[in-house]
2 protein chains.
Amino acid sequence: MSDTVLPTFHNLPLAKQKRIIDAALAEFADKGYQQASLNTLVAHSSISKGSLYQYFRDKRGIFLYIFQFAIGLVRKTLLRVKDDTREENFFIRLERSLLAGVDFIRRHPRIYGLYLKILFDEHVPQRVELLQAVRQFAADYLRSLVRQGLARGELREDLPEPAAIFLLDALLDRFLQAVCVPAFDVTLALHQSPPGNLQQCVQELMALLRTGLGKA
Amino acid sequence: MSDTVLPTFHNLPLAKQKRIIDAALAEFADKGYQQASLNTLVAHSSISKGSLYQYFRDKRGIFLYIFQFAIGLVRKTLLRVKDDTREENFFIRLERSLLAGVDFIRRHPRIYGLYLKILFDEHVPQRVELLQAVRQFAADYLRSLVRQGLARGELREDLPEPAAIFLLDALLDRFLQAVCVPAFDVTLALHQSPPGNLQQCVQELMALLRTGLGKA
DNA sequence: GAAAAAAATGACCAGGTAGTCATATGACTA
DNA sequence: TAGTCATATGACTACCTGGTCATTTTTTTC
């Protein structure tokens with residue numbers, strides 16, 4: 001697990017570390033794992049190729065380090081939202097989480113890009129473990145929200161928990177994708193819409209989740 | 001658009017055409033566009049490299065031909081489902097469409113794989129057009145179902161159409177992904193479950209869509 | 001059956017890749 | 001100042017890529 005990054009890297013000045021992390025994130029997010037070029041990476045971070053191999057064992061090592069770094073950032077951000085909205089209604093919390101997700105992506109587009117690049121590429125090292133870590137975290141997050149919502153009587157008592165979590169996960173994930181992948185954005189016009197409009201869309205979706213599609 | 005495949009290809013015996021299409025589909029579905037190797041492709045279809053370039057202009061041409069071929073198959077299949085369930089209730093139609101999707105993927109796993117490989121790779125030729133074709137088709141399909149459901153009074157009259165379609169699209173797409181990408185299958189245990197169990201999951205999700213999560 | 005046209009072939013090319021290694025640098029020690 | 005040692009370097013290797021082309025083989029035409 002930790003034989004990915006060598007001690008030399010941590011001896012580097014923080015600014016240099018950051019330069020390398022930034023360049024790696026950009027390259028992997030743009031090209032995916034296999035297609036990412038270490039030559040491009042070293043050029044963009046102004047270090048030599050030889051140095052790169054004194055910081056990391058190999059390409060795989062660089063990638064894993066970067067991805068774990070990214071996962072850490074996501075966890076921290078989402079847990080903060082969960083805590084900040086502790087007292088709110090279930091659907092409000094959901095709405096806030098979603099908007100926080102949009103905000104995160106706006107601030108760290110390359111981290112989200114990296115995640116998307118991994119999703120369906122079976123040849124990425126440790127892909128199953130990395131993906132499962134992300135999805136499991138999301139599911140746990142939503143489960144916690146659902147249980148608190150149930151405890152407060154904001155949700156139907158007979159709610160099938162796994163199905164509900166699945167539906168929520170699907171909707172949230174797709175919403176984020178639609179925000180930053182125009183081709184997904186066929187129905188709502190999220191992509192270029194102002195923040196206010198975006199919030200209105202979210203609220204409409206939340207209302208739909210609450211009351212369902214069927215005739216009352 | 002049609003300068004992708006050269007006339008020589010269509011003069012080939014159908015069996016040989018099929019061999020090439022199969023090998024190309026397998027290679028692109030497994031590796032994605034850039035990472036797919038034409039050397040592997042020709043080896044697997046038992047033709048020489050030179051021949052490949054007498055059938056197609058270049059790599060891009062092969063890819064586009066294969067993808068359009070795949071799109072055709074999907075359209076045909078889904079339109080048949082829509083027609084077959086013409087008389088059914090909205091939620092039944094949805095359920096049937098979803099199960100038909102699962103069945104299609106089971107029968108043509110490489111076509112679905114190809115679609116997934118395209119989703120987030122900006123470097124795929126014509127990606128935006130290809131993706132939009134697929135998503136637009138799905139959205140149109142769902143819109144048609146929703147409108148007929150509304151006309152028959154099976155859905156709330158005040159249903160916000162775009163939001164509803166978005167939600168349905170998100171759920172259906174994610175369901176298919178969960179069926180064939182184990183890492184997505186964190187909550188429901190779809191991946192290795194028998195068909196009966198799978199159908200029960202779908203029904204549970206349909207019920208959730210109908211009545212919503214909120215307290216009555 | 002000969003000539004012409006069409007199709008098949010694989011060695012070859014330029015350009016890219018991940019990773020290596022002998023050498024150079026420069027900071028710290030004695 | 002001399003010696004030591006962690007770090008920095010980029011030319012280099014072996015390999016793989018998409019694409020080309022002179023040549024051979026097969027098919028068609030007369």
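Note on naming: letters A, B, ... go to the chains in the order of the sequence lines (proteins, then strands), and numbering restarts at 1 for each one. Quick caveat, the model's predicted, so the values are computed rather than measured.
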**Student:** Which one, D/dG18, D/dT7, C/dT20, comes nearest to the side chain of B/Tyr53?
**Tutor:** D/dG18
**Student:** Under a 3.5 Å distance rule, please check whether B/Arg127 uses its side chain to pair with a backbone N or O of B/Leu119 as donor and acceptor.
**Tutor:** yes
**Student:** Main chain of A/Ser37, side chain of A/Glu27: is a donor-acceptor contact present, judged purely on distance under 3.5 Å?
**Tutor:** yes
**Student:** Please report, rounded to the nearest Å, how far the P atom of C/dA18 is from the CD atom of B/Gln35.
**Tutor:** 10 Å
**Student:** If only side-chain N and O atoms of B/Tyr55 are considered, is one of them under 4.0 Å from the OP1 or OP2 phosphate oxygen of C/dA8?
**Tutor:** yes
**Student:** Is A/Lys16 close enough to D/dA8 that one of its side-chain N or O atoms is under 4.0 Å from OP1 or OP2 there?
**Tutor:** yes
**Student:** So which nucleotide from D/dG19, C/dA8, C/dT17 ends up closest to the side chain of B/Lys59?
**Tutor:** D/dG19
**Student:** Under 4.0 Å, counting only non-hydrogen atoms across every strand here, what does B/Ser37 touch: a base, just sugar-phosphate, or nothing?
**Tutor:** sugar-phosphate
**Student:** Does the structure show a Watson-Crick or G-U wobble partner for C/dA30, both distances under 3.5 Å? Name it, or say none.
**Tutor:** D/dT1
**Student:** Without decimals, in angstroms, what is the distance between B/Asn39 CG and C/dC12 P?
**Tutor:** 15 Å
**Student:** At less than 4.0 Å, is any side-chain N or O atom of B/Asn11 found next to OP1 or OP2 of C/dA6? Yes or no.
**Tutor:** no
**Student:** Just checking B/Ala36: base, sugar-phosphate only, or nothing, at a heavy-atom cut-off of under 4.0 Å?
**Tutor:** sugar-phosphate
**Student:** From the options C/dA8, C/dA18, D/dT7, select the nucleotide whose nearest atom is closest to the side chain of A/Thr8.
**Tutor:** D/dT7
**Student:** Using whole Å, report how far CZ of A/Arg57 lies from P of C/dT20.
**Tutor:** 10 Å
**Student:** In terms of side-chain heavy atoms of B/Asp58, which of D/dG19, C/dT20, C/dA7 is nearest?
**Tutor:** D/dG19
**Student:** Rounded to the Å, how far apart are A/Leu38 CG and D/dT9 P?
**Tutor:** 16 Å
**Student:** For the residue pair A/His123 and B/Asp30, confirm or rule out a side-chain donor-acceptor distance under 3.5 Å.
**Tutor:** yes
**Student:** Measure from the side chain of B/Lys49, starting at C-beta and using heavy atoms only, and say which of C/dT20, C/dA7, D/dG18 lies closest.
**Tutor:** D/dG18
**Student:** Output yes when A/Asp83 and A/Arg80 qualify as a salt bridge under the 4.0 Å nitrogen-oxygen rule, no when they do not.
**Tutor:** no
**Student:** Could you tell me the separation between the CG atom of B/Leu52 and the P atom of C/dG10, rounded to a whole number of Å?
**Tutor:** 14 Å
**Student:** Below 4.0 angstrom from OP1 or OP2 of D/dT9, is there any side-chain N or O of A/Ser51?
**Tutor:** yes
**Student:** Figure out the CD/P separation between A/Gln34 and C/dA18, and round it to whole Å.
**Tutor:** 9 Å
**Student:** Between B/Leu12 (CG) and D/dT26 (P), how many Å, whole number?
**Tutor:** 16 Å
**Student:** Is there a donor-acceptor contact under 3.5 Å linking the side chains of B/Arg93 and B/Thr85?
**Tutor:** yes
**Student:** To the nearest Å, how far apart are A/His10 NE2 and D/dT7 C1'?
**Tutor:** 16 Å
